[in-house]
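Notes to accompany the following structure.
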4 protein chains.
Amino acid sequence: MTDHEFKIDELMDGEELTDKQKKIIISAIESFSEKGFSATSTSEIAKKAGVAEGTIFRHYKTKKDLLLAIVAPVMAKFVAPFIIKDLKKVLDQDYEHVEDFLKAMLENRRDFLIKNLPTVKILVQEIPFHPELKELFKEHIGLQIYERFIKLVEYYQAKGQIIEIPAYSVFRMVFSSIFGYLIARYMILPEAEWDDEAETERTIQFIMHGLAGPNSGN
Amino acid sequence: MTDHEFKIDELMDGEELTDKQKKIIISAIESFSEKGFSATSTSEIAKKAGVAEGTIFRHYKTKKDLLLAIVAPVMAKFVAPFIIKDLKKVLDQDYEHVEDFLKAMLENRRDFLIKNLPTVKILVQEIPFHPELKELFKEHIGLQIYERFIKLVEYYQAKGQIIEIPAYSVFRMVFSSIFGYLIARYMILPEAEWDDEAETERTIQFIMHGLAGPNSGN
Amino acid sequence: MTDHEFKIDELMDGEELTDKQKKIIISAIESFSEKGFSATSTSEIAKKAGVAEGTIFRHYKTKKDLLLAIVAPVMAKFVAPFIIKDLKKVLDQDYEHVEDFLKAMLENRRDFLIKNLPTVKILVQEIPFHPELKELFKEHIGLQIYERFIKLVEYYQAKGQIIEIPAYSVFRMVFSSIFGYLIARYMILPEAEWDDEAETERTIQFIMHGLAGPNSGN
Amino acid sequence: MTDHEFKIDELMDGEELTDKQKKIIISAIESFSEKGFSATSTSEIAKKAGVAEGTIFRHYKTKKDLLLAIVAPVMAKFVAPFIIKDLKKVLDQDYEHVEDFLKAMLENRRDFLIKNLPTVKILVQEIPFHPELKELFKEHIGLQIYERFIKLVEYYQAKGQIIEIPAYSVFRMVFSSIFGYLIARYMILPEAEWDDEAETERTIQFIMHGLAGPNSGN
DNA sequence: CATGAATGAGCATTCATTCAT
DNA sequence: GATGAATGAATGCTCATTCAT
């Protein structure tokens with residue numbers, strides 16, 4: 001529990017959260033990710049959080065507001081580093097090879113995902129059913145990340161490191177591979193034994209060769 | 001609506017379905033895939049299907065039974081071709097190169113997915129919340145497909161067409177790429193303009209080079 | 001089951017019962033007596049009887065009709081012997097002492113009760129909730145038995161064997177004692193060990209002395 | 001209605017009952033005793049009580065819980081006086097003759113029964129169908145009363161006031177007679193004219209002579 | 001800020017009954 | 001005579017939300 005709390009504060013850095021509010025968020029995350037948003041009742045959350053039912057609605061006007069309060073900051077935090085640090089680093093030649101960039105990105109975002117696994121699970125699950133979420137997602141990932149990523153791809157294509165195919169295809173393939181790994185690793189078979197270092201390396205290599213095209217041997 | 005009916009019969013070939021039963025299934029698929037299983041009420045399904053609410057429960061003891069009745073056959077049908085046709089073809093040298101096999105697989109299953117998109121969407125959405133579904137999935141995909149696929153990978157590895165990494169990594173990468181494509185294409189951005197032929201080709205090439213390793217140029 | 005059937009025929013001697021009808025009656029008696037009339041569903045009876053739900057309603061227009069069809073004949077049969085045989089015997093001096101009459105009555109009706117225990121249980125349970133049943137009961141027991149019994153009491157009072165108190169008080173006491181015994185014996189503690197002969201004798205003696213009044217020692 | 005409320009508080013002295021809760025209990029008692037537990041719907045109770053249906057379930061998790069909340073305290077209250085007062089009085093020679101004890105007991109408990117008639121009716125009706133009720137009954141009546149009563153019987157047998165038959169037979173006969181009277185008086189024919197004093201006296205005399213045996217004349 | 005009683009609409013499910021076959 | 005699919009009202013119960021305290 002104490003383990004969670006710091007994450008909460010870290011994530012919701014804007015507002016001041018009362019003790020009860022934190023407990024509500026933690027309980028909601030747990031229940032939403034285990035049973036899904038609409039299969040979770042507010043009374044269940046209240047019970048788990050040890051607060052009265054009314055308390056939830058004092059802080060979040062509706063159940064959906066609670067969902068958004070949980071899921072929105074995770075999106076913001078997820079994209080933040082892309083915007084600020086990484087892109088700059090690439091353009092500053094910090095990552096001469098795609099490979100270095102990919103490795104950095106994968107490792108960086110993996111830590112974030114692991115820390116916020118249940119919340120991300122909720123996000124992924126609920127996006128299809130809530131237009132507001134879709135909108136938020138498009139804003140954050142769609143624009144912030146996609147546009148920047150496209151530029152990077154073109155940058156590396158110019159350097160001859162990436163095959164000449166549409167940048168959006170590259171985007172899709174890279175994300176499929178990375179998220180395919182992370183989903184398999186942390187959502188589908190989290191209980192299996194994984195050699196994370198080797199798998200990460202293989203995934204990067206797969207993407208690298210896949211993107212290098214026929215002349216990847218050189 | 002008539003458009004749907006043939007699919008229903010095709011999918012549930014075992015049982016005899018009454019007219020009302022078919023309508024129930026069609027309505028349930030529509031609602032489940034649009035709003036999610038637990039956000040869909042049986043009364044809503046009944047209304048959409050034009051039947052009395054009691055009629056649903058005459059045929060499906062519980063709402064969950066209805067879900068299973070929809071989702072189970074789709075899994076069975078999905079794996080069927082892998083088991084019978086494709087594997088045989090490969091071993092009979094019908095597909096000399098991995099590429100041919102991949103292309104065949106992707107095209108073959110894509111048709112199925114397109115036809116059963118809403119049902120597959122339901123399956124994907126609900127699997128995390130229903131142990132019975134997880135079990136079914138493991139049985140069908142986990143065993144039927146995984147085991148066969150692993151053999152194929154080893155076969156092509158022996159022929160030197162695939163890099164020497166664990167077969168399960170290959171499995172993961174191939175499926176990530178393929179499903180990443182299909183999900184992006186049909187679930188995330190179905191309304192965008194897609195050059196399917198080109199995208200398919202690129203995806204295959206991406207996988208091919210990714211798996212061929214550094215010597216893919218030869 | 002064959003064990004039941006003869007009882008059924010015996011009880012419903014008026015009508016011809018089809019095979020299915022018998023099964024319905026047997027199943028209904030079982031369920032009604034175990035769970036009560038309104039806690040028993042017609043579908044449950046149908047399932048237990050191995051017939052279709054509709055079949056019940058072909059023979060009995062409503063669920064209540066089924067109840068009456070079960071319970072009415074048991075009342076008729078219960079009072080029958082009083083009317084015909086016993087009263088005559090008493091008046092013909094077959095039972096010189098109240099004691100003999102009581103013993104005969106208790107034994108005679110006990111056999112009937114044991115045979116029809118579940119049905120009697122249903123009757124006792126449901127009487128308070130169904131005016132029709134109350135009416136039937138008044139007709140049969142209230143008139144047929146009560147009136148005859150009163151005459152007997154007066155007869156024995158004239159002979160000095162019974163204390164001079166209102167005959168209806170005698171009626172109540174005798175029936176309380178007898179049914180108190182039968183209810184304790186067969187409904188409240190059927191699984192206890194009972195020395196039936198001794199208990200019957202004690203009950204009779206209790207009634208005898210109770211009714212004889214202070215001069216019972218003579 | 002105000003007439004009821006004091007009884008409610010008196011009966012459920014343990015808990016604090018909200019106003020609505022009292023109304024629910026009162027309505028439930030009325031309906032349960034009139035139509036039986038399973039023929040009474042919660043919506044009916046709610047309507048009669050003038051509360052929302054949900055309110056019932058806030059206070060009583062299930063309909064059965066409501067039944068138990070009504071019926072359990074009546075059992076506890078019913079046996080209480082036996083345990084504390086009467087037994088002590090008898091052993092303290094307050095009742096030198098069985099007759100005095102019987103009279104005291106009958107009068108004392110009759111008042112209670114009259115006050116709680118509908119609740120007792122519910123108890124009697126529902127006991128056969130609810131194992132939990134049976135258990136409660138055994139605990140309270142079976143142990144608390146039976147054991148104490150047996151001791152009293154043996155005490156009076158030693159004094160020669162009661163015939164030498166098994167104490168449990170005495171128990172059964174006494175209770176049959178008393179409850180036979182009360183049931184006839186208040187449940188079967190409540191609308192008839194009763195000379196309560198005379199009937200009570202006759203019943204006591206009946207029991208007295210019945211238990212005194214052949215030498216009751218002395 | 002927090003409570004928890006109260007709500008009434010809505011839920012999945014069951015019900016007795018009907019009727020075409 | 002028997003079936004069982006179909007019904008729609010009713011059931012016990014849960015829901016998100018409100019509000020007086």
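Chain A is the first sequence line, chain B the second, and so forth, proteins listed ahead of strands; every chain is numbered from 1.
Of the candidates F:dT7, F:dT3, E:dA2, F:dT3 carries the atom nearest the C:R58 side chain, counting heavy atoms from C-beta on. Listed nucleotides E:dT3, F:dA16, E:dT17 differ in distance to C:F57; the shortest reach to its side chain belongs to E:dT17. Closest to the side chain of A:K20, out of E:dA2, F:dG4, F:dC13, is E:dA2. Of the candidates E:dT13, E:dA16, F:dA2, the closest approach to any side-chain atom of C:T42 belongs to E:dA16. Closest to the side chain of C:A52, from the set F:dA16, F:dT3, F:dT7, is F:dT3.
Residue D:Q21 is classed as having no contact, given no heavy-atom separation below 4.0 Å to the nucleic acid. Residue-level contact check: C:S38 touches neither bases nor backbone, having no heavy atom under 4.0 Å from any strand. Within the 4.0 angstrom heavy-atom criterion, only backbone atoms of the sugar-phosphate kind lie near A:S41; the bases stay farther away.
At whole-Å resolution of the value, NZ in A:K63 and C1' in F:dT18 are 17 Å apart. Between D:K47 atom NZ and E:dT7 atom C1' there is a gap of 16 Å when expressed in whole angstrom units. In this structure, D:Y60 atom OH and E:dA6 atom P are separated by 11 Å, rounded to whole Å. Rounded to whole Å, atom P of F:dT18 lies 13 Å from atom CD of A:E53. Between C:E44 atom CD and E:dA16 atom C1' there is a gap of 13 Å when expressed in whole angstrom units. The NZ atom of C:K22 sits 15 Å away from the C1' atom of F:dG1 (whole-angstrom rounding). Per the geometry, CG belonging to C:L17 stands 16 Å off C1' belonging to F:dA2, to the nearest Å. To the nearest angstrom, P of F:dG8 lies 18 Å from CD1 of B:I45.
In terms of position along DNA chain F, the nucleotide closest to C:T55 lies nearer the 5' end than the nucleotide closest to the other residue of the pair B:T55 and C:T55. The residue among B:S43 and C:K61 whose nearest nucleotide of DNA chain E lies closer to the 5′ end is B:S43. Annotation: of the two residues near DNA chain F, B:T18 and D:A39, the 5′-most nearest-nucleotide partner is B:T18.
Between C:M75 and C:L133, the closest side-chain pair of non-hydrogen atoms falls below 4.5 Å. Side-chain atoms of A:L67 and A:Y60, non-hydrogen and from C-beta on, never get closer than 4.5 Å to each other.
When atom types are taken as modelled, the side chain of C:K20 and the backbone of C:A52 share no donor-acceptor pair closer than 3.5 angstrom. Here the side chain of D:Q21 pairs no donor or acceptor atom with the backbone of D:H59 at under 3.5 angstrom. Side chain of A:T40 to backbone of A:S31: a donor-acceptor contact under 3.5 angstrom is found.
The phosphate of E:dG4 (OP1 or OP2) has no side-chain N or O of D:H59 nearer than 4.0 angstrom.
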*Given the rule in the side-chain hydrogen bond (donor to acceptor under 3.5 Å, both in side chains) test, do A:S43 and A:E53 qualify, once you have shown the distances and angles that lead to the verdict?*
CA-CA 6 Å; A:S43 82; A:E53 290 191 50; 5.1 Å; no
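Taking a pair to require two hydrogen-bonding distances under 3.5 Å in either a Watson-Crick or a G-U wobble arrangement, F:dT21 pairs with E:dA2. Across all strands shown, E:dT13 pairs with F:dA10; the Watson-Crick or G-U wobble distances both stay below 3.5 Å.
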